[in-house]
Amino acid sequence: VVYTKDSYVYTVEYYQDSILSENKLDEVVNTAEYDSNISVDLSQFAPVGYVTPGTVVSGELKVLADNSQVIKVLYVKDNFGYTINYYTDEVNVDNLITSATNTAEFGSVIIVPELDTLPTGYTAQGKEISGATIVTEVTANNVVNVVYKRDSFGYTINYYSDEVSTDNLLNYVAKTAEFGSSVDVALEGFAPEGYKAEGTVVNGTLTEGKLVIEAEGNVIDIVYTKDMFGYTINYYTDEVADANLVGTVEDVAEFGSTIDVDATLFAPEGYITPGTVLDGVKTVTVEGTVINVVYEAEEVEEITTDPTPLDNGDEDETTEEVTTEEITTEEVTTEEVTSEETTEEESTEETTSEEEEALDIDEIPLDNGPKTGDSTNWIILLGLAMISAGVVGVVTKKKKIED
């Protein structure tokens with residue numbers, strides 16, 4: 001009697017991740033001779049992204065005398081590479097900061113770590129992430145792009161008059177702008193009256209008239225300087241009148257500066273110098289300053305005579321004077337002509353020959369009043385003005401002759 005091996009049924013079950021009913025992929029039922037080796041296809045039903053071949057995790061690989069024999073095959077996820085690229089502003093090779101590569105299990109979420117140091121002026125807030133989010137079986141597709149955006153920074157534009165100081169601050173502009181952006185800087189708009197309309201940048205740097213925002217600093221100081229304006233100085237004699245204008249000076253000077261007035265220019269002969277600068281603004285103004293200088297005439301010395309009429313009437317005594325308003329030098333007194341005086345005791349016969357030659361009393365015209373005849377004679381000595389010395393003397397000569 002010959003006994004032959006019987007055949008029995010066996011089952012190969014395929015799972016992914018774990019031996020759970022919900023993870024079962026499929027199964028294969030086969031029949032084979034007892035105690036024969038079971039050949040299992042470890043790639044059958046393998047999911048994408050899982051390690052192939054799979055692994056037999058339970059069951060004998062020989063046919064048992066049991067139609068309930070089960071062999072279980074398990075597939076686990078494979079690992080695949082991925083890349084993270086970091087950019088500024090946009091995904092562009094020129095903007096690439098750095099790249100990082102790693103591997104992770106198929107289907108896992110790609111974790112994007114922050115860079116330890118960001119480029120100056122950029123912030124992690126608001127960054128943009130694009131590309132793959134989980135690991136796939138295609139490494140080339142596992143690329144993540146991170147784009148960092150520019151941060152915003154404050155800037156200040158200060159406007160001053162004359163110099164940078166707290167007391168001279170006219171106005172300022174304080175705002176924020178994106179790093180690297182260009183901000184228009186107005187050089188006009190805050191100039192005080194009398195100052196040049198366009199200010200000058202004294203601190204900070206402008207590029208083609210614009211402020212390029214940096215991560216720090218961003219302060220521009222602009223100073224307005226005084227403009228130049230014209231002024232006029234008119235010179236007059238006696239009073240301000242068109243007919244009395246003798247000269248004019250026109251020039252320009254810095255706004256608010258004091259005008260130096262030469263009060264001797266154009267002074268006519270016979271007028272007092274320096275002239276009088278009339279009251280008014282003496283500094284340079286926007287409207288154009290006008291200053292008036294007036295010259296006054298010098299006082300003129302006058303020689304006048306005021307003779308007392310000679311009266312040859314019944315009166316015993318007549319006096320004739322030569323007077324002037326002013327004696328500027330030595331005065332001639334009656335005492336100084338005593339040598340020429342004839343006293344009451346002297347007679348007409350005692351008159352010296354010099355007096356007779358110098359003055360003939362018969363030729364002296366008297367007024368038309370009554371004459372006393374030969375009994376009364378008047379000898380009048382007139383003081384002559386010494387014109388070349390500017391001296392006018394006052395001389396009084398009185399003579400009385402009694403019958």
Side-chain angles (χ1 to χ4, degrees), residues 83-100 112-131 143-231 252-258 283-288:
T83 302
I84 303 176
N85 296 320
Y86 296 90
Y87 298 92
T88 57
D89 301 322
E90 63 180 356
V91 177
N92 185 305
V93 65
D94 294 333
N95 294 4
L96 182 65
I97 302 170
T98 188
S99 295
V112 180
E114 206 68 76
L115 289 179
D116 293 335
T117 303
L118 295 181
T120 300
Y122 286 79
T123 177
Q125 295 181 353
K127 64 179 180 290
E128 295 179 355
I129 300 176
S130 61
V143 177
V144 181
N145 296 319
V146 179
V147 177
Y148 290 109
K149 297 299 182 180
R150 302 184 186 202
D151 203 354
S152 292
F153 298 91
Y155 68 90
T156 303
I157 304 172
N158 298 313
Y159 296 88
Y160 298 92
S161 60
D162 300 319
E163 63 179 0
V164 177
S165 70
T166 302
D167 293 339
N168 291 4
L169 181 65
L170 301 170
N171 211 326
Y172 69 93
V173 174
K175 295 183 178 180
T176 60
E178 189 179 76
F179 172 77
S181 62
S182 296
V183 177
D184 289 328
V185 176
L187 299 180
E188 301 180 356
F190 300 103
E193 183 183 54
Y195 284 70
K196 294 178 181 178
E198 183 172 302
T200 301
V201 176
V202 296
N203 291 317
T205 302
L206 297 184
T207 302
E208 296 180 354
K210 298 179 182 293
L211 169 64
V212 179
I213 301 300
E214 302 290 345
E216 58 184 12
N218 301 323
V219 176
I220 297 292
D221 291 330
I222 297 173
V223 173
Y224 291 102
T225 55
K226 294 175 181 176
D227 206 350
M228 305 290 284
F229 295 92
Y231 66 87
V252 295
E254 188 179 77
F255 171 76
S257 61
T258 300
T283 57
V284 178
T285 64
V286 174
E287 295 79 11

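None of the values given here were measured: they were computed from a predicted structure.
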Practice task
Determine the minimum heavy-atom distance between G230 and V252, stating which atoms define it.
Solution key: CA-CG1, 3.8 Å
Practice task
For side-chain contact (heavy atoms from CB on, under 4.5 Å), just list the numbers for Y155 and I220, CA-CA rounded to whole Å, side-chain angles, deciding distance to a tenth of an Å, and then say yes or no.
Solution key: CA-CA 8 Å; Y155 68 90; I220 297 292; over 6 Å; no
Counting only pairs under 3.5 Å, give me each side-chain donor-acceptor contact of residues 199-208, with atom names and distances, residues two or more places apart or in other chains.
from: N203; atom 1: ND2; to: D221; atom 2: OD2; distance (Å): 2.9

Handout entry: Closest non-hydrogen atom pair between V223 and E163, with its separation
Key = CG1-N, 3.8 Å
Completion exercise
Nearest heavy-atom approach of Y86 to V112 is OH-CG1, 4.0 Å
Fill in the blank from the handout: Result for side-chain contact (heavy atoms from CB on, under 4.5 Å) between I129 and one of I84, V144, N145 points to V144
Problem - Interatomic distance, R150 atom CZ to T123 atom OG1 [nearest 0.5 angstrom] - result: 13.5 Å
Handout entry: Separation of E214 CD from T120 OG1 (nearest 0.5 Å)
Key = 9.5 Å
Exercise for the section: Only one of K127, E128, E114, Q125 passes side chain to side chain donor-acceptor pair (under 3.5 Å) with Y148; say which it is. Expected result: E114
Fill in the blank from the handout: T88 and N95 have their tightest heavy-atom pair at O-ND2, 2.9 Å
Exercise for the section: Check whether any side-chain heavy atom of Y87 sits under 4.5 Å from a side-chain heavy atom of L96, and report yes or no. Expected result: yes
Handout entry: Distance-minimising heavy-atom pair for V284 and Y231
Key = CG2-CD2, 4.4 Å
Completion exercise
P119 and I97 have their tightest heavy-atom pair at CG-CD1, 3.6 Å
Exercise for the section: Check the surroundings of atom NZ in K149: do more than 12 heavy atoms from other residues, nucleotides or ligands lie under 6.0 Å from it? Expected result: yes
Could you pull out all donor-acceptor pairs under 3.5 Å where a side-chain atom in residues 168-191 meets a protein atom, sequence neighbours excluded?
from: N168; atom 1: ND2; to: S161; atom 2: O; distance (Å): 2.9
from: S181; atom 1: OG; to: E178; atom 2: O; distance (Å): 2.5
from: D184; atom 1: OD1; to: K210; atom 2: NZ; distance (Å): 2.0

Exercise for the section: Flag the pair F229 / T285 as yes when at least one side-chain heavy-atom distance between them is below 4.5 Å, and no otherwise. Expected result: no
Practice task
Compare all side-chain heavy atoms of Y195 with those of D162 and state whether any distance is below 4.5 angstrom.
Solution key: yes
